[in-house]
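To start, I am sharing the structure in question, which I have written as structure tokens.
For the numbers below, each heavy atom of this structure counts, side chains included, while hydrogens, waters and symmetry mates do not. Not measured: the values here are computed from a predicted model.
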Amino acid sequence: MELILQVIFSSVFSGFMLSAAIPNELYLFGCPAYTLAAFIPLYLAFNRIKDFRLAFIAFFIQTLVTHLISSFWLAYFKDFAIFTLGASAIGTACIGGAFGLFFFLPYYTSECQNKLNEYYAGISFLSLKTIRRSPCFRILYFTVVYTLYEWVKSAGFLGYPWGTVSSAMFRWPLLMQSASITGTYGITFIIVMFNAIAAEFLMQFYGNYSLQKQRTADTVQTAKLFGMLLLLMLIHGLYQYDKTRKPVKELTTITVQQNSNPWNEDSDEKSILTSQRLTKEKIDELAMAGKKADLIVWSEGCLQKAFPNSEAFYTIFPSAKPLSEFVQETKVPFIFGGSFVRYGKTKEFFNASLLYDSEGIYRGYYAKNHLVPFAEALPFMEIPPVHAFMEKVVGISAGWAPGDQYVYYDVPCSLTENYKLPAVKDINLNKTYMQQFKEESTPYTVRVSTPICFDDAFTDIMRPLFLNGSELFINITDDSWSLKKSSEIQHFVIASYRAIEYRTTLVRSANAGYSVVVDPAGKVIADLPLFEEAALAVTVPVFKREMTTYARFGNWLAYLCLLIFTATAVWSYFVFTPYDYIPDERKLKKSKKTKKTEKKTKKNSKIKK
């Protein structure tokens, strides 16, 4: 019982420390220093665990606590809170518990009653059993399993990349730069590895173990490997963070943060009029500076009527200033957040970005590909009985359909002096080379992709967008329903990794924040305050596309961790089972005898009574 309580306490403390490191209401952009001790209690607890049950409990509790504390704002998602917070917390904890089992797998033998960190006398250091219990193996295996856990919980339909180690690293931008090579999982790997090494040194300092000298030597060797990896990451991070990048194109963009209530169905007119006012203010501000906007972006869900049927509706609505008329007056392309209906065998509703050209004509849409599970996307809602049950019992009437294609918008932009110009046929000595090229060519464009809200948190969405030609990421989102600043910043930090991974500028236009422009090194170029009506006019730099290691190979580190785990599992089964599970015949005989004596004593006691 004492051991169970110690494991529970260690797991709760570990989850609390990780949650404190992630952006929260106290540390708005997080406190990454807490991650340096967040996994030490969990590692120490696993050193004492002797069965699968406790291994499951330890990881289950740690992941549950992390999710509930760091993502508490999911409870504000109106009628969906039972799914967004409740179901996601249980699902995340179950995934965590499963990985607790995976961690304990190599140690589950008949000898596991002994401490996992103990060397066995009479066994050479190079023997398989000793390797399994060496600090080097345990440190690397623990690191691999936790990295694998974060990958699994962050991918697929049920993926939820919040509550991760990497989301706590915004204040340590040099470490973040390694995302262009390993993705976010390289950052998780190095932080968890540090915790495991620190825990090993603590055990050696306070413990009384045999062959202490050999244990210390193993831990020191692993620490040297860690030091080399960390040094390489810091050198790479320093180079990338301070690297001078010269844009080849510029797109003067106005992003509007109208700070409207997403749950108020009557707010469409108010939201549009507010956005028009903020847009007009920025257009006038640019005009006073002798500039003109190239693109205007309004946030997710700012238009409530579904396209394409509502295209005519917005020629007369709002009555004070119809939307299409407003676009015509500005003579600038617009990207709106709204919805789209597609009629086929079934009627499908899409959460979409909508493009209007400078003439006020609707041109097309991009449908959100990765929907929020159990909030935007509900399994089996297309089945009438399920739909009726959800509507009657839970109060949920419909769900979105996931997008099935990648769409790009080519927006006219300005060229910079760094752009390599093609040859001009007839040279006019009275004009510069740049002037002649601009006059003789069609307006140059920048290829824009518009991931919507949750999309920008997933590499399986962003990587294809980049590989197929995106030069600029413009994310439209609405996290205002959370009512919490930590929610807005958590989403921003996760999204900022996409700029680093693909060395591509990221623009975020959010309903209530965090509206921001981020350069390819993850630096904030310009931003807006949270939960305020505001607009941001900025000349967005567009850089030459750079094929990073991560863009080329994707989650190669996660796959490597999977390979290591699989090899370890097979190794444990085939190498250790024949030796560790041979039953002791004497113990079996003794157990049979004890059972017989127990039965006799029970009978005698009954007879006496």
Under 3.5 Å, sequence neighbours excluded: what are the donor-acceptor pairs made by side chains of residues 86-103?
from: S88; atom 1: OG; to: H67; atom 2: NE2; distance (Å): 2.8
from: S88; atom 1: OG; to: T84; atom 2: O; distance (Å): 2.2
from: S88; atom 1: OG; to: L85; atom 2: O; distance (Å): 3.1
from: T92; atom 1: OG1; to: S88; atom 2: O; distance (Å): 2.8

Report yes or no: is the cationic atom of R545 (NZ for Lys, CZ for Arg) closer than 6.0 Å to the six-membered ring centre of F466, at no more than 45° off its axis? yes

Check: With under 30° as parallel and over 60° as perpendicular, where do the rings of F72 and Y76 fit, or are they tilted in between?
Finding: perpendicular

For H370 and F157, the nearest pair of non-hydrogen atoms, with its separation, is NE2-O, 3.8 Å

Is the NZ or CZ atom of K153 both under 6.0 Å from the centre of the six-membered ring of Y160 and within 45° of that ring's axis? no

Q) Got Y514 and H491 here, is their nearest side-chain heavy-atom distance under 4.5 Å? A) no

**OP:** Check the pair T548 / S180 against side-chain hydrogen bond (donor to acceptor under 3.5 Å, both in side chains), numbers first and verdict last.
**Re:** CA-CA 6 Å; T548 62; S180 64; 5.9 Å; no

For N195 and A38, the nearest pair of non-hydrogen atoms, with its separation, is OD1-N, 3.2 Å

Kindly indicate, with the supporting measurements, whether the criterion side-chain contact (heavy atoms from CB on, under 4.5 Å) is fulfilled by Y34 and L18. CA-CA 7 Å; Y34 286 135; L18 181 56; over 6 Å; no

Ring geometry between F454 and F458 (parallel below 30°, tilted from 30 to 60°, perpendicular above 60°) | perpendicular

Is the distance between the ring centroids of W162 and F492 less than 6.0 Å?
no

So CG of L36 and SG of C31: to nearest 0.5 Å the spacing works out to 9.0 Å

Notebook entry, point to check: In terms of the angle between their ring planes, are Y502 and Y550 parallel, tilted or perpendicular, with boundaries placed at 30° and 60°?
Noted result: tilted

*asked:* Salt bridge or not between R508 and D527? Use side-chain N to carboxylate O under 4.0 Å.
replied: no

**Request:** Please confirm whether F13 and F16 have ring centers closer than 6.0 angstrom.
**Result:** no

Requested in this report: Apply side-chain hydrogen bond (donor to acceptor under 3.5 Å, both in side chains) to S470 and S449, showing your working.
Outcome: CA-CA 6 Å; S470 180; S449 59; 2.8 Å; yes

Side chain to side chain contact (heavy atoms under 4.5 Å, CB included) test vs D455 passes for just one of N369, D460, N351, namely N369

Report the C-alpha distance between V372 and W400 in whole Å, list the side-chain angles of each, state the deciding distance to 0.1 Å, and finish with yes or no for side-chain contact (heavy atoms from CB on, under 4.5 Å).
CA-CA 9 Å; V372 180; W400 298 101; over 6 Å; no

Taking the six-membered ring for Trp, are F39 and Y43 ring centroids under 6.0 Å apart? no

- Side-chain heavy atoms of S11 within contact of L42, under 4.5 Å: yes

message = Taking the ring centre of each residue, are F46 and F59 less than 6.0 Å apart?
response = yes

Carefully, step by step, assess N555 and Y559 under the rule side-chain contact (heavy atoms from CB on, under 4.5 Å). CA-CA 6 Å; N555 291 322; Y559 288 116; 4.3 Å; yes

Salt bridge flag under 4.0 Å for residues K484 and E25: no

Does a side chain donor of either S487 or S482 reach within less than 3.5 Å of an acceptor in the other side chain?
yes

Tightest non-hydrogen contact, residues G513 and L530, listed as CA-CD2, 3.8 Å

Q. Should the pair R498-E501 be classified as a salt bridge under the 4.0 Å nitrogen-to-oxygen rule?
A. yes

